[in-house]
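The structure appears right after this line, and notes come after that.
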Amino acid sequence: MSNRPMRTIDDRDLRDALAESGIRSDGARALARHVQAEIASGRFPPGHRLPTERELSERFGASRGAVRRVLGHFKSLGAITQVVGSGTFVSERAAELFSPPEAEASDVSSSVVSPSAGSMAVQVSPAQLMDARLLIEPQMVSLIVRFATAADFERMDECLARSEAATTIEEFEHWDGALHQAFAEATHNSFFLRILELTNVIREEGEWGRLKRVSLTPLRRERYETQHRAIVAALRDRDEETARALLGEHLAEVKKNLFDRG
């Protein structure tokens with residue numbers, strides 16, 4: 001294998017590769033974008049085990065054949081490895097493959113979500129983000145109640161458990177974001193998935209992290225964890241009204257805690 005520095009792969013490269021591979025369904029494309037974004041962001045670190053083909057098929061509404069073609073694409077890049085009887089894992093070189101050169105580090109966000117997402121993230125303040133989330137995220141509930149699969153709820157449960165086990169604010173914030181991303185995935189709607197991907201790009205900006213560190217007390221964290229579990233329970237019960245109310249109340253409280261200093 002050549003020792004030349006690898007050219008990193010961006011969103012346009014992904015779209016072209018999927019087209020060449022005959023991967024055209026919305027579900028399969030959403031899966032491919034999700035895998036690339038999770039690896040690029042570090043949410044799927046080297047050694048991370050991906051869900052099974054069946055789970056990915058259910059979560060993204062793609063056929064098993066389409067899921068195999070998507071995974072085959074990432075395997076051909078060297079981003080994942082597949083071990084018979086054990087599963088599919090993120091490779092050691094995946095982070096290098098999807099991370100831009102150091103000089104381009106400021107453009108990571110744009111390569112993960114869209115060509116303009118990085119610049120958009122810089123322009124969106126935490127206050128603007130919370131205003132938008134309060135309007136958008138509760139609207140996902142009706143689709144989650146209708147379309148969420150067992151695999152979707154397994155992912156939510158994983159995010160709940162890992163956020164509660166987090167030992168740092170940064171780790172908690174990561175799994176908090178992953179839970180809300182799991183809500184978007186459970187809608188099986190590509191628009192909401194892209195919106196929440198952009199949300200997480202903005203949450204990685206320094207000002208958001210500063211506000212979270214200042215505002216996230218142990219008592220508030222415990223309350224957020226309780227709220228998260230209640231939201232997931234209502235979604236699992238397909239209780240649309242309760243889930244929407246709980247999610248709206250949770251986001252409103254997060255917003256108040258972030259910005260109120262009284």
Side-chain angles (χ1 to χ4, degrees), residues 11 14 25-44 50-51 55-62 67 70 109 112-114 117 120-121 124 126 128-163 172-205 208 224 227-236 238-240 243-252 254-255:
D11 200 51
L14 178 63
S25 73
D26 289 342
R29 288 173 179 270
L31 168 60
R33 289 194 300 269
H34 171 72
V35 171
Q36 178 165 317
E38 295 297 279
I39 292 174
S41 68
R43 288 187 287 268
F44 281 6
L50 272 65
E55 291 170 336
L56 292 172
S57 175
E58 291 179 357
R59 182 179 299 178
F60 290 92
V67 170
V70 170
S109 300
V112 173
V113 182
S114 75
M120 186 183 298
V124 177
Q128 290 172 330
L129 173 62
M130 286 309 305
D131 286 340
R133 291 181 66 191
L134 276 162
L135 291 172
I136 294 170
E137 291 191 41
Q139 303 310 312
M140 299 192 302
V141 168
S142 63
L143 295 179
I144 298 172
V145 166
R146 289 168 59 194
F147 299 122
T149 66
D152 291 323
F153 288 115
E154 288 174 10
R155 174 59 175 168
M156 293 179 204
D157 289 339
E158 177 189 13
C159 293
L160 289 172
R162 295 205 177 199
S163 66
F172 174 79
E173 173 66 9
H174 165 76
W175 287 107
D176 182 330
L179 176 63
H180 287 267
Q181 182 76 14
F183 293 158
E185 292 167 4
T187 67
H188 296 269
N189 181 296
S190 297
F191 174 79
F192 282 120
L193 187 59
R194 298 287 276 187
I195 289 294
L196 266 292
E197 286 174 358
L198 177 59
T199 293
N200 282 335
V201 168
I202 299 168
R203 288 174 66 150
E204 291 168 5
E205 294 296 311
W208 177 275
Y224 293 164
Q227 291 172 335
H228 285 159
R229 286 206 169 269
I231 293 165
V232 172
L235 291 171
R236 183 176 272 117
R238 312 290 175 172
D239 186 342
E240 180 178 342
R244 180 180 286 109
L246 289 172
L247 182 52
E249 291 167 6
H250 167 64
L251 292 172
V254 171
K255 179 182 177 182

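Note that the coordinates shown come from a computational prediction; the quantities given were computed from them, not determined experimentally.
R162 contributes no side-chain N or O that, together with a main-chain N or O of W175, makes up a donor-acceptor pair within less than 3.5 Å. Side chain of S190 to main chain of A30: no donor-acceptor pair is present (N/O by atom type, distance under 3.5 Å, no hydrogens or angles).
The structure places CZ of R155 at 10.5 Å from CG of D152, a figure rounded to the nearest 0.5 Å. Within the model, atoms NE2 of H180 and CE of M140 stand 8.0 Å from one another, a figure rounded to the nearest 0.5 Å. Residue L247 holds its CG atom at 10.0 Å from CD of Q139, rounded to the nearest 0.5 Å. Atom-to-atom distance recorded for I231:CD1 and D239:CG is 12.5 Å, nearest 0.5 angstrom. Rounding to the nearest 0.5 Å gives a distance of 9.5 Å between CE of M130 and OG1 of T199. The CG atom of L50 lies 9.5 Å from the CD atom of E38; values are rounded to the nearest 0.5 Å.
When all heavy atoms are compared, the tightest approach of R238 to A148 is NH2-O, 2.9 Å. Taking every heavy atom of both residues into account, V254 and Y224 meet most closely at CA-OH, 3.6 Å. Of all non-hydrogen atoms in S142 and R244, the two that sit nearest each other are CB-NH2, 3.8 Å. A252 and L134 get closest at one heavy-atom pair: N-CD2, 3.6 Å. Shortest non-hydrogen contact noted between A243 and V141 is CB-CG1, 3.8 Å. Summarising the geometry of L246 relative to A234, their closest heavy-atom pair is CD1-CB, 4.2 Å, with the distance given to 0.1 Å.
A 4.5 Å side-chain heavy-atom check between P51 and L56 finds at least one atom pair inside the cut-off.
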Quiz prompt | side-chain contact (heavy atoms from CB on, under 4.5 Å) between L235 and V145, intermediate numbers included | solution = CA-CA 6 Å; L235 291 171; V145 166; 4.3 Å; yes
Practice problem: Take S163 and D176 through the test side-chain contact (heavy atoms from CB on, under 4.5 Å) and record every step on the way to the result. | Solution: CA-CA 6 Å; S163 66; D176 182 330; 5.6 Å; no
Quiz item: Are M156 and I144 close enough, and set up right, to give a side-chain contact (heavy atoms from CB on, under 4.5 Å), and what steps lead you there?
Solution: CA-CA 12 Å; M156 293 179 204; I144 298 172; 4.3 Å; yes
Quiz item: Going through the distances and angles, do E137 and L196 end up as a side-chain contact (heavy atoms from CB on, under 4.5 Å)?
Solution: CA-CA 9 Å; E137 291 191 41; L196 266 292; 4.0 Å; yes
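Between F172 and H228, the angle of the ring planes stays under 30°, which puts this pair in the parallel group of the 30/60° scheme.
At a threshold of 4.0 Å, the pair R236-D157 counts as salt-bridged, since one of the basic side-chain nitrogens sits closer than that to a carboxylate oxygen.
In this structure, the ring-ring contact (aromatic ring centres under 6.0 Å, His included) partners of F60, at least two apart in sequence or on a different chain, are H34.
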